[in-house]
Amino acid sequence: MKDKVRIAVLVSGGGTNLQALIDAQMAGKIPHGEIVTVISNKEGAFALERARNAGIEAVTILKADCGSKEEFEDVIGDSLEFRKIDLIVLAGFLAVLSEDFVKRFPNRIINIHPSLIPSFCGDGMYGLKVHNAALARGVKVTGATVHYVNEITDGGEIILQKAVDILPGDTPATLQKRVMEEAEWKLLPQATEIVCQKILKEISADEYL
Ligand code: GRF
């Protein structure tokens, strides 16, 4: 019987959330999963360095090398299937995945978003834009959300959320840092372990069919 879910982490940037996952894995906090590959759609993303430093395979797949978005997603999907990936974690992956891609991996893709969904999310809402919008609206509390990925941007089932206070004098950058430190880096490993346990149960139930 399978005892660990094979995880792929998809990244585009610095990879602090990837680092949180790697640290959690090393600390034994994701006992039911194993990060087996990290895939970046940006050349030279520092996240790739983090993966290599941890002895994890680091792969770059560029849309420019694939042609269309469809072909790009086919290459990513085929790479994931080739590696027998059970769970895809989007950790700062700055490409919106199509409905076709999502349907290829139903309930097997999760994402972290730096706000309390359904606030400050959806198409075009990423990075500092999210924190900018929260500050502009004057909310007193924001946070982070880990959710399943479906065909609606940031619209899938919510797995975990954590609130973070907005403090007087916050800028988008200070808020981003607090949301990462207090919410994202804790939430993503926790949610990953929860989903790994769920997937293992599904796999073992299927084995009895
Ligand atoms: C994070 O804020 C995450 O919530 C969002 O993109 C950012 C990625 O940061 N989806 P990092 O690359 O993990 O440092």
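Remember, it's 1-based here, ligands and their atoms both numbered in the order they're listed.
With hydrogens and angles left out, the side-chain atoms of His147 and Asn111 include a donor and acceptor closer than 3.5 Å. Side-chain contact check for Glu57 and Thr37: at least one donor-acceptor pair (N or O, by modelled atom type) lies under 3.5 Å.
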For residues 16-28, please give each side-chain donor-acceptor pair under 3.5 Å, one per line with the distance, not counting sequence neighbours.
| residue | atom | partner | partner atom | Å |
| --- | --- | --- | --- | --- |
| Thr16 | OG1 | Trp185 | NE1 | 3.1 |
| Asn17 | ND2 | Glu184 | OE1 | 3.0 |
| Gln19 | OE1 | Arg50 | NH1 | 3.3 |
| Gln19 | NE2 | Asp23 | OD1 | 3.0 |
| Gln25 | OE1 | Ile35 | N | 2.8 |

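Listed by chain and number, residues touching ligand 1 at under 4.0 Å (heavy atoms only) are Gly14, Gly15, Thr16, Asn17, Gly92, Ile112, Pro114, Met180, Glu184.
Side-chain contact between Ile199 and Arg108 is present, with heavy atoms from C-beta onward closer than 4.5 Å. Residues Leu87 and Thr192 meet the side-chain proximity criterion, which asks for heavy atoms closer than 4.5 Å.
Comment: Arg104 engages Glu81 in a salt bridge, judged by a side-chain N to carboxylate O separation of less than 4.0 angstrom.
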